[in-house]
S.K.: 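Sending over a structure as C-alpha cells; questions will come in a sec.
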2 protein chains.
Amino acid sequence: MLGSTVLRSDFAVLAGLEEFGPLSQAELGRRLGMDRSDIVAVLDRLQAGECVERTADSLDRRRKTVALTDVGRSYLNDLDAQLGQVQDALLEPLTAPERAQLMALLGQVLDKHSN
Amino acid sequence: MLGSTVLRSDFAVLAGLEEFGPLSQAELGRRLGMDRSDIVAVLDRLQAGECVERTADSLDRRRKTVALTDVGRSYLNDLDAQLGQVQDALLEPLTAPERAQLMALLGQVLDKHSN
DNA sequence: GATAAACGTTGGCCTATCCAACGTTGGCGG
DNA sequence: CCGCCAACGTTGGATAGGCCAACGTTTATC
C-alpha cells in the first residue's frame, strides 16, 4: 500500500482529515496551509492506497468531499506511533517538565501567529 | 548583486564562512551538514556576486580554499539584520525571559544531538 | 442573463536534499 | 616505486516541497 516511502504531506493530509472530518479539498488545503494543487497530488496517492475516499458533493457539484477510510485511519495510527518514537528520541535530552515547557512556548508562538 | 532573491543556502554558507574562516569546500559542507555538490552551486552564485573567493590550495591541489570577501561580509551583515527583524516578529508573542528559555531548550536539544 | 467567483485539476518553475559518477590529486602498503 | 584506494571539486539526475498560472466546470451575484 502507498509505495514504500512515507511523505510528510501524506501524514499532514491524513492527520488533517482525522482532525477536521470530511471536507472539501480546497477547505482542507486552507486549513493545512497547503496549495489546492498540491492537495490533489497527495489525495491521488492516498486514494490509490485506499486511505481516503473522494465523494462528489451533492449540494455543490464543484466540490469533492474527502474522508478517511478505515485503512487510512489505521495507517495514520501507525504513523502516529512512529512519529511518537522519533519525537521521543529527539527530545530525549530534555526532562519531562522541560519538554512541556518547550511545547508550551512553541504553542504560544504558533497560536498568536495564526490569529 | 546576486540576483534579487536571497536563498537560505546563501545565508548558511556565508554565515559558515564567517564562523569558521577560510576552508575547503568539502569541509564547509561537512560542518554545515550540506552535500559537497550543493555547496558547489551556492559558491558559484556567491562567487558571481563577488561575495566569496575560491583559491587553489597550494599544499593539496585537490582542495579549493573558500573565503569571505568584504562584499560578502557586508552582505552577510545585511542579512543578519533582516533575519533579526524577522526573528523578533516571530518571537513577539514571548517575553524576553520566555525567549531566552526557548533558545536554551532548543540549544540543549541541538547540542546533545550533535555529539 | 451576464459577470464574477470558487472548485478540482494540470503543468510549470524553483529551492532543497540526496545520490551516483567522473577526472584529478594525495596518501599508503606491498 | 607502484598500484590501489580515498578525498577533492564538479556534473547530472531523482524526488519532495512550495508557489503560481491556466483551464473547464459549477455556483453565486448583480
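Predicted, not measured: the structure shown is a model, and the values here were computed from it. Residue numbers start from 1 in every chain, and the chains themselves are labelled A, B, ... in the order their sequence lines are given, proteins ahead of strands.
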S.K.: Whole-Å distance between D:dT26 C1' and A:R62 CZ?
M.R.: 6 Å
S.K.: To the nearest 0.5 Å, tell me how far A:M34 CE sits from A:R31 CZ.
M.R.: 14.5 Å
S.K.: Counting only side-chain heavy atoms from C-beta out, which of D:dG12, C:dG26, D:dC20 sits nearest to B:S37?
M.R.: D:dG12
S.K.: Report the residue (A:R63 or B:S9) whose heavy-atom-nearest nucleotide on DNA chain C is the more 5′ of the two.
M.R.: A:R63
S.K.: Expressed as a whole number of angstroms, how long is the span from A:L28:CG to C:dA6:C1'?
M.R.: 16 Å
S.K.: For B:Q25 and D:dT10, is the shortest distance between a side-chain N/O and OP1 or OP2 below 4.0 Å?
M.R.: yes
S.K.: So A:V40 and A:D44, side chain to side chain contact (heavy atoms under 4.5 Å, CB included) or not? Walk me through it.
M.R.: CA-CA 6 Å; A:V40 170; A:D44 287 347; 3.8 Å; yes
S.K.: A:D35 CG to C:dT15 C1': how many Å, rounded?
M.R.: 16 Å
S.K.: Over how many whole Å does the gap from B:L23 atom CG to D:dA7 atom P extend?
M.R.: 17 Å
S.K.: Roughly how many Å is it from CG in B:L43 to P in D:dT11, rounded to a whole number?
M.R.: 12 Å
S.K.: So does A:R36 reach the base of C:dG8 with its side chain, donor to acceptor, closer than 3.5 Å?
M.R.: yes
S.K.: B:D57 has an atom CG; how far is it from atom C1' of C:dG26, in whole Å?
M.R.: 12 Å
S.K.: A quick test of your reading: do over 12 heavy atoms of other residues, nucleotides or ligands sit less than 6.0 Å from CG of B:D70?
M.R.: no
S.K.: Quick one: on DNA chain D, does A:R61 or A:M34 contact a more 5' nucleotide (nearest heavy atom)?
M.R.: A:M34
S.K.: Hey, does the side-chain of B:T5 have a donor or acceptor N/O within less than 3.5 Å of a partner on the base of C:dC14?
M.R.: no
S.K.: Supply the atom-to-atom distance A:T65 OG1 to A:L28 CG, rounded to the nearest 0.5 angstrom.
M.R.: 11.0 Å
S.K.: Among A:R30, A:R63, A:R54, find the one that has a side-chain hydrogen bond (donor to acceptor under 3.5 Å, both in side chains) with A:Q25.
M.R.: A:R54
S.K.: Reckon B:D60 touches a base, only the sugar-phosphate, or nothing at all at heavy-atom distances under 4.0 Å?
M.R.: sugar-phosphate
S.K.: Just how far, in rounded Å, is P of D:dA7 from CZ of B:R30?
M.R.: 8 Å
S.K.: Take atom CG of A:L46 and atom P of D:dA16, then tell me their distance rounded to the nearest Å.
M.R.: 13 Å
S.K.: Using heavy atoms to find the nearest nucleotide of DNA chain C for A:D38 and A:K64 separately, return the residue whose nucleotide is more 5′.
M.R.: A:K64
S.K.: Classify the side chain of B:S24 and the base of D:dC8 as holding, or not holding, a donor-acceptor pair under 3.5 Å.
M.R.: no
S.K.: Is A:R8 close enough to C:dT17 that one of its side-chain N or O atoms is under 4.0 Å from OP1 or OP2 there?
M.R.: no
